[in-house]
Each structure stands twice: as C-alpha cells, then as structure tokens.
Colleague: 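Mind looking over this structure? Questions follow.
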Amino acid sequence: MTTEFTLSQIRDRVDEQWDHAVDLLKQKIALKSVSALGITADHMKESAEFVANELAALGVDTRVVQSTNPDGTPGAWEVVGSRIVDAAAPTVLLYAHHDVQPVPDASAWDTDPFVGTEKDDRLYGRGAADDGGGIAIHAGALGALGDELGVNIRVFFEGEEEMGSESFIPFITAHRDDFEADVIIVADSGNWSESVPSLTTSLRGNADMDVSLRVLKHPVHSGQFGGPVLDANTVAAMLIASMYDASGNLIVEGLDSQEPVGGLQQDLDEATYRRDSSAVDGLVLAGSGTLASRLWVKPSVTVIGFDAHPVEGSFNVLADSTRFRLSLRTAPSQDPVEALDALKAFLTAHVPFGAEISFANEDAGKGWAMDASSAVVHEAERAMGEAFDTEPINKGEGGSIPFIPELQKLFPSAKVLVTGPEDPKANAHSPNESISLPGLKKNIVTEALLLARLPHISLD
Ligand code: BES
Ligand code: MN
C-alpha cells in the first residue's frame, strides 16, 4: 500500500521545501546549543523544544525528556518521538544530535558563528553541519514524503553527544521501546566530498584520561636546583615522545590496528588531506601505511590539554608537577578500556627519571564497524548513487560516535547506517564550520528515496 516514488518526484518535493530546510538550519544555529555551557541548562531545553516542534509539524509525536545520569543527577534534554503509520511496516530510527561544539574564539571566524550565513554554496555557522545538518536531513526527508510515508519512524535527537553521551545508557534502558527499530540512520558523519556520497563503514573508539607527573614535593629555584632535577614539563615531553618511533608511528604495545572495513575503495589524496587539515607547508606527515588506514583504523593519541605555567608571567622556577589530558582513538574493533589499560601500562613502564605518575578522569567510548553485506546497505548505496548522480565511495571515519555500539548491543539485529552532512570542508569543531547546501539537498533526496524503498526490501 506504499507509494512508489520516482527520483524526479522526490527531487521536486525537496525543491519545494528547500527554503524551509535552509531556514530551519539558520534558526537552529541561532539557538547557540553549546552543551559544554551546561547540558541541563535552559538554552539546551529550548534547543530540544525547537527541534521537537519542527518534528511535530511533520506529524511526529514528539516529547522532550530530560535524561538521568548514571549517578542519578539530571542529564541532557533529549527529543524522542514516533510516527507509526502501519504496524506491519518496517520501523526506522532517525538519529541526530542537537547540541553543538563551543566557540572559544569568535574572532577566528570570518562570519558570526551564531548567524547562519550563505556564501558560495555553503552555509556557515556553529553546528551548520555537526549536527544541524543531520536534523535538516531527517526533517527534509520526512517533509518530502509527507503523507505518503510508508515506514514507521522513531526519532532520537540527542542533547549531549559532544560531551560524550554520559546519560545515554540509562536513557535507552529506561526508554527501550522508543528505540526499537529495524533500521537506524545516524546522520552524524559525512560524505567523501560535497559531490561524492559515502556510507561510513567504521568509526574509531575514543578514550580519554588525565596523566599527572610529579618530580618534586614543591616548586624550587630553577638556577639553584636545575640540572640534576629535570622539571616536570620536560619529563612529560619525554614521556609523550616515547610513545612514537622516529617516523611518528605509535609503538605502544597492545594498541590494535586493523584493515579498512569492507576494503579500501579509495585512499585519501595527500594534497587534499593537507589542504583540508590546514597543514603548514613542508609539514612531514607522521606514521606509515595508507592515509586512510592511519585515519580510520589505526590508533592515534592526541594531547588535548596541558597544565604548564603560561609563558606570559613565567619566572625562574622548576615545575614540581604537571598534568596533561590524552585523547586516544582506537581501532574500530578494539575495546577502548583494554586500549586505555595498554596505554597506562606503557606510560607507567616508560616514565623517565623515576617521576611519580598517576591517572584520573578515565572515560571510554567504543568504536563501530558496519556489516557491509546487508540488503539495507546496498539499498542505501543505490539511493546515494541516484541522488548524487555518481557512485558512492564508502569510507571509514576517524571520529567517534560511541552510542552506536551501545544501541547495537541492545538491538543486535537492527541495521545501522551512518550517513551525514559533513564533507572535508565542513570544519566541524573548528572555526568557520559550514555545510554544503547542494550536498545537503542530495542527502535529503537520498534519505527520502531510501525511506520510500525500505518497505519493499528484505530487512533480514
Ligand atoms: N560528528 C562527530 C563524529 C564525526 C567526526 C563523524 C568527524 C564524522 C567526521 C561527533 O559529533 C563527534 O565529534 N564525536 C566525538 C565523540 C566524543 C565526545 C566521544 C568525537 O569524535 O570527538
Ligand atoms: Mn556530530
């Protein structure tokens, strides 16, 4: 009893609603839904309510629900809802997150980060892509299908993804029925480029921890005592450097590497990678193997915070202690807790000069790998190929979406598709974040086509 749509019918419907899609994104950007400024705060509740109202206008029965953290304290403002059209039809869960990254320095932007600004086929603003784009894709696809929707829809638009989804497990446990689905579409990743679509075949895991080092019981005069005692910052630099060989390969035993999931369809182009990452001229790239494997399926460690005296106002004192925060990206299939244990064992065994070492604030989120053989994956690739008028090139992703494996654990037979609005120019988490508007339109057409076809394919 479901309507068969042609590509051009879907395109026409998306065109008709296009102004609304762009306007939705601009309104979403203006809401400044920065979860780092308070997951439970009013601005996050308003953001959730805005998204819930948009979905309600599309016939989705929505609720804004505050989650509860594992320690019992109030958590994020989540949007859940459903539109059940036929109990016998397949059910699709649409995921995006409504929180955005902070803007630590608005002067680094060419436009106001919280005013959606169109320039050269792109819309600039914080959260324009990550993950306002995901919301716009789902809303656009539902809007295009309108009353002819042939699948049941559930939605979960999360309010704390950028903060590590602390309350996610208690939330899905308490609201299991709201998540029950045959297919889950996670629109929080992206395409090969604005004109070449991709499914994301894998995501790395992410584990964080703080490492503290102490060499003295208190700071001392660096002339009087410096020499026989190395300051804590220097010892930390040596310890950090010991994780790598001379080419920049990590040499920490127990950190796994793997092969690209589903095979490597195409390696990343080095010149493009250099440009998109904004590498300075002459920068030597670290590690060995294909660029794709280094980014998607090998581990990496980043120092994301470092406590040292600021240069401004520094004086001749020998630092007694220091602390730094490491972010470890793991191979998609490695247990991040096991990986973190391996890293701790390595650091403990390699602390130079007998400094005291301790670890704190450990946090671990799992990676994920797609089942490339499912019929839903083939159908999604077909829809992408038609909507973009070019064959998709699937890719892994170096970033992490740790709730996916948790959801997959609860619903093992659900087919997860990771799609999304980003492309290499999106600058997610950075100044001048943007979304490709032609890319967004094709993403909406893709999702609408896929939703229209799902009732006709096998979901086993
Ligand atoms: N959308 C990103 C994940 C991503 C990044 C997908 C780049 C595709 C390309 C997501 O919002 C994100 O940033 N996740 C965090 C998770 C962390 C807080 C556990 C990440 O990867 O740092
Ligand atoms: Mn995201």
Side-chain angles (χ1 to χ4, degrees), residues 25 28-29 33-36 39 47 51 76 94-102 125-138 156-169 185-194 197-209 268 273 276-277 292 295-297 299-302 304-305 325-330 332 336-337 339-340 361-370 394-406 416-430 433-436 439 443:
L25 262 181
K28 176 70 187 65
I29 291 165
S33 4
V34 177
S35 46
I39 284 175
S47 165
V51 174
L94 304 177
Y95 170 92
H97 59 89
H98 69 89
D99 65 323
V100 304
Q101 282 281 317
R126 173 54 86 225
D130 186 11
D131 190 23
I135 298 170
I137 292 171
H138 295 321
F156 175 54
F157 289 180
E158 191 188 8
E160 58 168 357
E161 195 277 346
E162 301 291 7
M163 300 294 286
S165 307
E166 186 185 352
S167 69
F168 182 71
I169 293 176
I185 305 181
V186 177
D188 187 24
S189 184
N191 291 317
W192 190 269
S193 73
E194 65 269 40
S198 312
L199 283 176
T200 297
T201 55
S202 66
L203 294 151
R204 288 196 286 192
N206 181 231
D208 287 348
M209 67 174 166
L268 298 164
Y273 172 75
D276 294 338
S277 67
L295 286 163
W296 304 341
V297 287
S300 69
V301 176
T302 307
I304 59 170
R325 178 166 295 174
L326 296 180
S327 165
L328 164 67
R329 300 284 173 174
T330 67
V337 174
L340 205 55
N361 292 328
E362 291 165 34
D363 188 21
K366 293 190 179 71
W368 172 79
M370 180 178 82
N394 290 347
K395 63 179 184 59
E397 185 49 68
S400 312
I401 313 181
F403 84 87
I404 297 180
E406 302 300 338
V416 179
L417 298 174
V418 179
T419 65
E422 294 185 26
D423 62 39
K425 295 181 187 147
N427 282 343
H429 297 201
S430 316
E433 178 176 352
S434 69
I435 187 170
S436 158
N443 270 328

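In listed order, ligands and their atoms are each counted from 1. Only heavy atoms go into these numbers, but all of them, side chains included; no hydrogens, no water, no symmetry mates.
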Colleague: State which residue, out of E162, K28, E433, fulfils the side chain to side chain contact (heavy atoms under 4.5 Å, CB included) condition with V100.
Modeller: K28
Colleague: Does some non-hydrogen atom of Q101 fall short of 4.0 Å from ligand 1?
Modeller: no
Colleague: Using a 4.0 Å cut-off to any heavy atom of H97, which atoms of ligand 1 qualify?
Modeller: 11 (O)
Colleague: Can you name the atoms of ligand 1, numbered from 1 with element, that are less than 4.0 Å from a heavy atom of E422?
Modeller: 1 (N), 7 (C), 9 (C)
Colleague: Whether the side chain of R329 engages the backbone of G399 through a donor-acceptor N/O pair (distance < 3.5 Å, no angle test) should be reported.
Modeller: no
Colleague: Step by step, work out the side chain to side chain donor-acceptor pair (under 3.5 Å) result for S47 and D99.
Modeller: CA-CA 8 Å; S47 165; D99 65 323; over 6 Å; no
Colleague: Just need the protein heavy atom nearest to atom 15 (C) of ligand 1, so name the residue and atom and give the distance.
Modeller: S400 O, 3.6 Å
Colleague: Are K425 and E194 ion-paired here, with the side-chain N under 4.0 Å from a carboxylate O?
Modeller: yes
Colleague: I want to check something: taking the side chain as every heavy atom from C-beta on, are I401 and V186 in contact at a cut-off of under 4.5 Å?
Modeller: yes
Colleague: Roughly how far, to the nearest 0.5 Å, is CG of L326 from OG of S300?
Modeller: 11.0 Å
Colleague: Sub-3.5 Å donor-acceptor pair from the side chain of R126 to the main-chain atoms of S430, do we have one?
Modeller: yes
Colleague: Would you mind naming the N, O or S atom of D130 nearest to the Mn ion (ligand 2)?
Modeller: OD1
Colleague: Please state which protein non-hydrogen atom is closest to atom 19 (C) of ligand 1 and give its distance, to 0.1 Å?
Modeller: N206 OD1, 3.4 Å
Colleague: Could you report the tightest heavy-atom contact between P197 and N191, atom names first, then the distance?
Modeller: CA-OD1, 3.4 Å
Colleague: Under 4.0 Å from a heavy atom of E397: give me the atoms of ligand 1 that qualify, with their elements.
Modeller: 6 (C), 7 (C), 8 (C), 9 (C)
Colleague: Under 4.0 Å from any heavy atom of G399, which atoms of ligand 1 are there?
Modeller: 21 (O)
Colleague: Using a heavy-atom cut-off of under 4.0 Å, does the side chain or the backbone of M163 touch ligand 1, or both, or neither?
Modeller: neither
Colleague: Is P402 close enough to touch ligand 1? Criterion: a residue heavy atom under 4.0 Å from a ligand atom.
Modeller: yes
Colleague: Would you call R329 a ligand 1 contact, heavy-atom distance under 4.0 Å?
Modeller: yes
Colleague: Nearest to atom 4 (C) of ligand 1, what protein heavy atom do you find, and at what distance?
Modeller: D188 O, 4.0 Å
Colleague: If we ignore hydrogens and angles and just use 3.5 Å, is the side chain of S189 paired with the main-chain N or O of G420 as donor and acceptor?
Modeller: no
Colleague: Closer than 2.8 Å to the Mn ion (ligand 2): does that hold for any N, O or S atom in D131?
Modeller: no
Colleague: Would you mind checking which non-hydrogen protein atom is closest to atom 11 (O) of ligand 1, with the distance to 0.1 Å?
Modeller: E161 OE1, 2.7 Å
Colleague: Within the distance-only criterion (no hydrogens, no angle test), does the side chain of D131 pair as donor or acceptor with the backbone N or O of A96 below 3.5 angstrom?
Modeller: no
Colleague: Looking at the Mn ion (ligand 2), which N/O/S atom of D188 is the nearest one?
Modeller: OD1
